[in-house]
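This report concerns only the one structure given below.
All heavy atoms count here, side chains included; hydrogens, waters and symmetry mates do not. Note that this is a predicted model, so its numbers are computed, not measured. Throughout, a chain's letter reflects where its sequence line sits, starting with A, and its residues are numbered from 1.
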Number of protein chains: 2
Amino acid sequence: MTDPTGHEAVPTPPTSAAVARRAGVSRATVSYVFNGQAAGRVGAGAQARVRAAAEELGYVPHAAARSLRAGRGRIVLLAAPADTAPVFGPLFADFLAGFQSALHRLGYTGVLHGAPADAPLDAARAWAELRPAAVLTLHDPPLDASAVDLLKRAGTAAVLTPGPQAPPGAHALLLDQSEAGRRAGAHLLAAGRRRIGVVLPAEPGLAASADPRLAGVRAAAAGHPDAAVHPLDLALTEESAARLVARWPALGLDAVFAYNDAYAMLLMRALQDAGHAIGTGPGRIAVVGADDLLLARLLRPRLTSVRTEAIAPDRLAHLVDTLVRAPSTPPATHRLGTFRVVPRASG
Amino acid sequence: MTDPTGHEAVPTPPTSAAVARRAGVSRATVSYVFNGQAAGRVGAGAQARVRAAAEELGYVPHAAARSLRAGRGRIVLLAAPADTAPVFGPLFADFLAGFQSALHRLGYTGVLHGAPADAPLDAARAWAELRPAAVLTLHDPPLDASAVDLLKRAGTAAVLTPGPQAPPGAHALLLDQSEAGRRAGAHLLAAGRRRIGVVLPAEPGLAASADPRLAGVRAAAAGHPDAAVHPLDLALTEESAARLVARWPALGLDAVFAYNDAYAMLLMRALQDAGHAIGTGPGRIAVVGADDLLLARLLRPRLTSVRTEAIAPDRLAHLVDTLVRAPSTPPATHRLGTFRVVPRASG
DNA sequence: TTGAAAGCGTTACCAG
DNA sequence: CTGGTAACGCTTTCAA
């Protein structure tokens, strides 16, 4: 009943040879019919017989055999560890779906692969087994030079890693988180705020975007000698927010960039519960979130938020296609999106 | 520079033959070393030489060639269209990542594939080309009998589609959304509510879970002759919420099950802005959300929410593994999770 | 302990 | 216009 590997036998799928036999033609003819090369080579009658035979047998070409023969895979590997979603925000799933179907339209198969962040070389080896046409990693730390080298030697036409700079041979994907910080910082400074807190989420995996955001706020503040920037540790729990708010009087901050709308909501609620006034006026604490969720508009006061203007998924898919078709394109940096402040009543 | 397909040449990846040549052994020996069959067959010296040669050349086995030879693929195909994320809630990305890495641990490669919902048979054909060991679809409408048949004839050991009932030969995956409705309805009825509104999101793709939720509330109300259930159309915009609230006095509802926490927040805010009191007391409107996000705890009043107790991703992965190893297992229904009301102040 | 060879399903090439 | 043949990279049986 079971074979030595513990698998039961599964009926062998029909092959092109079976179709050929049934249609009374050669395997090459079947191949032509299934690849649109039939015009001018295969007679109409033979074509019809081939299609009928395939239909009856339930024949479907075998992708592995095809790409083995072609020497080139059509897989685009998207490497994203479990904690990518928070980094890219709640819109990541939408982006992923759009990217996936855009790839499909271009004839690629998108494969999402979890990444063991601790061993980039092992991960690269696992990916290389699939002989992907392209590899996109979205996580930190980015692939190192040896991992990129391994992939390229395995025939991967394009390797894209998070920027700002990529290892030799890889293209950089830049979603410059420090820009989010710069925009938020500039907005608050323009509103006259000088003592600015920046939330650093305690949740793991978010440091990769939180740190550059903090750096961005600092960069914005560098132009204002009287401005001070304070990192604030905060976990996504009410207890953590309460602890932070308890320290608030001692901190003496007049503004806070809260990493994203969820942290902003948490902190704003805790500040309000403690009797602090939120908003743009004097004596109020300015609060800025990020992601510009519906949430931001529903809070009271309405939440000022840094919005990510992400590249359209199909544009990214087209970029990948271009790079795959011209593997010798010199590595460059490609922006994944930019940031913009949506000002509302909270700050 | 470019070949006829518009692709530049990419350096050919090293093959096991190249490794064998470099190590001065046969290709069979290389294969043994890379598949753990080396013990008692290949001498220690030869093993070391093979590994060294592979390292130097950057050799990685070719998954397509391997599975072509093995006759059995290791791909688990997860078919999820763009609008799956809303159906499964914001936790879908986490679930996906966990499922993916659990599969990886079991030796499978998880592939996420967008589903052209309009042509299930075309989708099935595209999937069948990958000769997946298993196919899981998460979308509505589920695969029909002919699509399942095609996949099985292509050697797919296990096909899983959303329940409650699956086509012949396919297993059913049940996340019984009507249970969410029943739980919410029972909760509200037990609290004495009798005129219950149920939000039907206007956003496309959510009807698949919203309709059974409504049915669940109706089922719960069936035991109470004096109870009435009203469907309420609502889009995720403030304008839509304002329109709904304007009709509220005419509706005369004393409770609402708001589909999820986001819709609940939107509606609750609009009701409050219009002067309605939210909560459990008499004269107040009871509001129940779903998903039990952090959001629910931060709203005031705190939001009662229906929480999904989802199956652990690795349990689903193990289920898939089991079914793949025993393809003749009679089709059955497998629960993806259950629902539970988390009562708070809003209702 | 190692090597030779067959075969997985597909497609490109070249005779017929 | 059609069909045979070889080759893609790998695993595995069999023989040395």
Over all strands shown, is [X] touching base, sugar-phosphate only, or nothing at heavy-atom distances under 4.0 angstrom?
X       : result
B:Ala46 : sugar-phosphate
B:Arg41 : base
A:Gly71 : nothing
B:Arg69 : base

Looking at DNA chain D, which of residues 24-40 of chain B put a heavy atom within less than 4.0 Å of it?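 Hits under 4.0 Å, by residue number: B:Arg27, B:Ala28, B:Ser31, B:Tyr32, B:Asn35.
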
Any residue meeting ring pair (Phe, Tyr, Trp, His ring centres under 6.0 Å) with A:Tyr59, in chain and number order, not counting sequence neighbours: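 Residues passing ring pair (Phe, Tyr, Trp, His ring centres under 6.0 Å) with A:Tyr59: A:Phe34.
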
Are more than 12 heavy atoms from other residues, nucleotides or ligands located less than 6.0 Å from atom NE2 of A:His318?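 Count not over threshold, so no.
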
Span of DNA chain C in contact with chain B (heavy atoms, under 4.0 Å):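 Counting from the 5' end, contacts occupy C:dT1 to C:dG9.
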
For B:Gly73, is there any backbone N or O sitting under 3.5 Å from a side-chain donor or acceptor partner on B:Ser67?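 Not at all, since once roles are kept as given, no pair shorter than 3.5 Å links the two residues.
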
Are the side chain of A:Arg49 and the backbone of A:Ala23 linked by a donor-acceptor contact shorter than 3.5 Å?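 Such a contact is found between A:Arg49 side chain and A:Ala23 backbone.
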
Set of residues satisfying salt bridge (charged side-chain N to carboxylate O under 4.0 Å, His left out) with respect to B:Arg66, sequence neighbours excluded: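 B:Arg66 satisfies salt bridge (charged side-chain N to carboxylate O under 4.0 Å, His left out) with A:Glu129 only.
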
Under the salt bridge (charged side-chain N to carboxylate O under 4.0 Å, His left out) rule, collect the residues that match up with B:Arg41, sequence neighbours excluded.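 Salt bridge (charged side-chain N to carboxylate O under 4.0 Å, His left out) check on B:Arg41 returns nothing, list empty.
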
[X]: partners by side-chain hydrogen bond (donor to acceptor under 3.5 Å, both in side chains), with sequence neighbours left out:
X        : value
B:Thr15  : none
A:Thr29  : A:Ser26
A:Ser146 : A:Asp144
B:Arg105 : B:Ser101

If you walk 5' to 3' along DNA chain D, what is the first nucleotide with an atom under 4.0 Å of a heavy atom in chain B, and what is the last?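 First and last nucleotides in contact are D:dG9 to D:dT13.
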
Could you check B:Leu68 against B:Gly43 and say which one's nearest nucleotide on DNA chain C is further toward the 5' end?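 The residue closer to the strand's 5' end, by nearest nucleotide, is B:Gly43.
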
SB check B:Asp122 B:Arg125 (cutoff 4.0 Å):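 Yes, this pair counts.
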
Donor-acceptor contacts, no H, no angles, side chain residues 130-137 of chain B, under 3.5 Å, sequence neighbours left out:
{"residue": "B:Arg131", "atom": "NH1", "partner": "A:Val60", "partner atom": "O", "Å": "3.2"}
{"residue": "B:Arg131", "atom": "NH1", "partner": "A:Pro61", "partner atom": "O", "Å": "3.4"}
{"residue": "B:Arg131", "atom": "NH1", "partner": "B:Ala128", "partner atom": "O", "Å": "2.9"}
{"residue": "B:Arg131", "atom": "NH2", "partner": "A:Val60", "partner atom": "O", "Å": "2.7"}

What bend angle does the helix from C:dT1-D:dA16 to C:dG16-D:dC1 show across its length, from five-pair end axes and to the nearest 10 degrees?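 The value is 50°.
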
Looking only at heavy atoms, which two atoms of B:Ile311 and B:Leu316 are closest? And how far apart?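 Nearest pair, atom of B:Ile311 first, then B:Leu316: CD1-N, 3.9 Å.
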
